[in-house]
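By convention here, the first residue in the shown sequence is residue 1. We use all heavy atoms of the structure for the numbers below, so side chains are in, but hydrogens, waters and symmetry mates are not.
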Amino acid sequence: MSFSHKERALALIATFSRLTVAFRPHQPTGFSRWSLSEIMTSDAWEFHAGDEKTGSISYQQSEKGKIHYADLLQKRLVQSVEWYDRAGITRFWDHYNRYGDNCARTVCDAKGQPMSKSWFSSEGREIIVENYITHDIILNDENTIKFFQTKEELILYYLKKLGFDQCNIFFNSLSTPFFLSNRLKASSKTDVLFWQEMVGEEVPWNMRLILDGRACRCDRIMVQTRKSYNRLLELGVPKDRIQKLGYIYAFEKENGYQPEALICTNSDRIEHCEELIRRLPEMHFHIAALTWMSPVLFALDRYDNVSLYPGAELPLIETLFKKCDYYFDINHWNEIVSAVYRAFLHNHLIFAFQETVHDQKFVAEDYIYLAAEFERMAEDVKKTMADKSVMKWHLEKQREHALAENKAVYAELLDV
């Protein structure tokens, strides 16, 4: 395998904190982990979907295993299956990747404690074995068996084998990725830390090594959240030692400047919803829920500028995101379908209350109101509906708040 100079320079080592191997699917066409019925078991065994976190497998009223779903609301995508022996003790786990492959297996002892974990190739061949008792790692590499005492040694082996030790390495953690960067030799400091976490009462010790010039290969820090950037400056970090750099977002559409607003909720507690409906008669409110709606929400159907969508499926919700140009993050309880993030990607102008806001990263501070200030919210919405230039200015401010960047900014800062 060979890499061009540009490909080497762009090599992104995002995180080494977990030993992760991605495999292509080797199962027959149409077989995937998305369907519970396609987990390999005896024909007589039964599946029980359970809740959004776990399901179960049973035979003649005896539980044989537990299904663990990936953390994706309402989708029940199988992440792993925990198998029991006759005494109900966990004896092994089957792990599935995003292609539906059984890509790894964890074996447990008679007490249900993990002993080892094996990762498989797309052909089902055992490639990596991690022994949790001895902490050794065994690699079957091109008909050669190699032993490593730590994950760091294994990753260093692969970085050197692929030639990445001579590349710029971009990483986003001060734990294992930073330690690996420090162990690789380099004639100059070209590695870059992308800091995406919050900052507490003091600057992290490992970050201090970079700021003081004591790191072997890393001398640049790109801070990717506004709060962390401001906090580091408050803690005395010189402004010329860190750079603020956001994300390149894949926006789905442009704002159409239409008075169409979306609210996604599974609760009938929508802060000042009826008052906003009455104060904004020019705005059409689309209220969608994955579940059935209560009489409280159904009562809103009497307004001409309201459309209700109980039990809405994801294709319909996606259509509503494309149709609307405003999003009101004013529902209490949990957020559904990552609504605020999706509204941001669809270039909705987002308004919220402090008591209900779910993801402040994508909602500009000027558009987050106290619930008691709903009248001021309504007046600000009216201003954006009355003047496209005002709406455009607010959208630009929203993108600026979320640190939305473009490829040119990345290319300039990273010199690639």
Side-chain angles (χ1 to χ4, degrees), residues 14-130 132 151 264 266 289-291 311-318 334-339 341-342:
T15 178
F16 299 126
S17 58
R18 294 183 180 179
L19 190 61
T20 305
V21 183
F23 299 112
R24 298 299 306 178
H26 67 270
Q27 295 158 332
T29 301
F31 186 98
S32 73
R33 68 185 172 104
W34 313 144
S35 172
L36 296 180
S37 62
E38 290 168 338
I39 296 174
M40 304 302 289
T41 66
S42 171
D43 291 340
W45 291 18
E46 297 180 353
F47 293 95
H48 308 275
D51 57 24
E52 62 186 40
K53 294 184 178 181
T54 62
S56 62
I57 302 170
S58 65
Y59 173 65
Q60 293 184 349
Q61 299 182 343
S62 175
E63 190 170 11
K64 296 297 182 181
K66 178 183 288 187
I67 303 165
H68 298 265
Y69 300 122
D71 189 19
L72 294 170
L73 186 62
Q74 301 290 329
K75 289 190 176 182
R76 290 197 175 95
L77 308 186
V78 178
Q79 186 175 61
S80 61
V81 179
E82 179 182 3
W83 298 99
Y84 306 138
D85 61 16
R86 292 183 178 180
I89 297 173
T90 302
R91 296 313 301 262
F92 63 92
W93 293 68
D94 281 334
H95 307 273
Y96 294 83
N97 62 19
R98 63 193 178 103
Y99 302 109
D101 250 353
N102 179 192
C103 62
R105 171 171 288 183
T106 299
V107 178
C108 303
D109 61 20
K111 296 181 179 180
Q113 298 300 311
M115 294 192 302
S116 67
K117 185 173 183 177
S118 300
W119 283 264
F120 310 122
S121 70
S122 58
E123 295 79 23
R125 186 166 59 91
E126 192 174 64
I127 298 297
I128 299 174
V129 179
E130 182 177 10
Y132 295 139
K151 291 181 182 179
C264 294
N266 270 349
L290 298 173
T291 58
E313 296 184 353
L314 293 181
L316 172 59
I317 292 177
E318 182 62 27
N334 294 336
E335 179 188 30
I336 63 171
V337 299
S338 302
Y341 177 56
R342 294 175 77 171

* Structure fact -> Residue set satisfying salt bridge (Lys or Arg N to Asp or Glu O under 4.0 Å) with Glu318, at least two apart, ordered chain then number -> Arg342
* Closest heavy-atom pair and its distance - Trp83, Ile57 -> CH2-CD1, 3.6 Å
* Pairwise salt bridge (Lys or Arg N to Asp or Glu O under 4.0 Å) hits with a residue in residues 105-116, at least two apart -> Asp94-Arg105
* To do: Verify, without hydrogens or angle tests, whether Asp101 (side chain) and Cys103 (backbone) share a donor-acceptor contact under 3.5 angstrom.
  => no
* State the CD-CH2 distance between Gln79 and Trp93, to the nearest 0.5 angstrom. => 9.5 Å
* Asked: Regarding Ser56 and Glu63, is there a side-chain donor-to-acceptor distance under 3.5 Å anywhere?
  -> no
* Asked: Just wondering, do Leu314 and Val337 contact through their side chains at under 4.5 Å, heavy atoms?
  -> yes
* To do: Measure the spacing between CH2 of Trp45 and OG of Ser62 and express it to the nearest 0.5 Å.
  => 8.5 Å
* Asked: If you measure from CD1 on Ile89 to OH on Tyr84, what distance do you get to the nearest 0.5 Å?
  -> 11.5 Å
* For the pair Ile317 and Leu290, evaluate side-chain contact (heavy atoms from CB on, under 4.5 Å) and give the outcome as yes or no after the intermediate values. => CA-CA 9 Å; Ile317 292 177; Leu290 298 173; 3.5 Å; yes
* For the student: nearest non-hydrogen atoms of His48 and Ser58, plus distance -> NE2-OG, 2.8 Å
* **Of Glu82, Gln113, Lys66, the residue whose pairing with Thr90 passes side chain to side chain donor-acceptor pair (under 3.5 Å)** => Glu82
* Heavy-atom check, side chain of His95 versus side chain of Trp119, under 4.5 Å -> no
* To do: Please check if the side chain of Tyr69 supplies one atom and the backbone of Ala49 the other of a donor-acceptor pair under 3.5 Å.
  => yes
* Asked: Can you name the nearest heavy-atom pair linking Phe120 to Ile127, along with the distance?
  -> C-CG1, 4.2 Å
* Between atom SG of Cys108 and atom OH of Tyr132, what is the distance when rounded to the nearest 0.5 Å? -> 9.5 Å
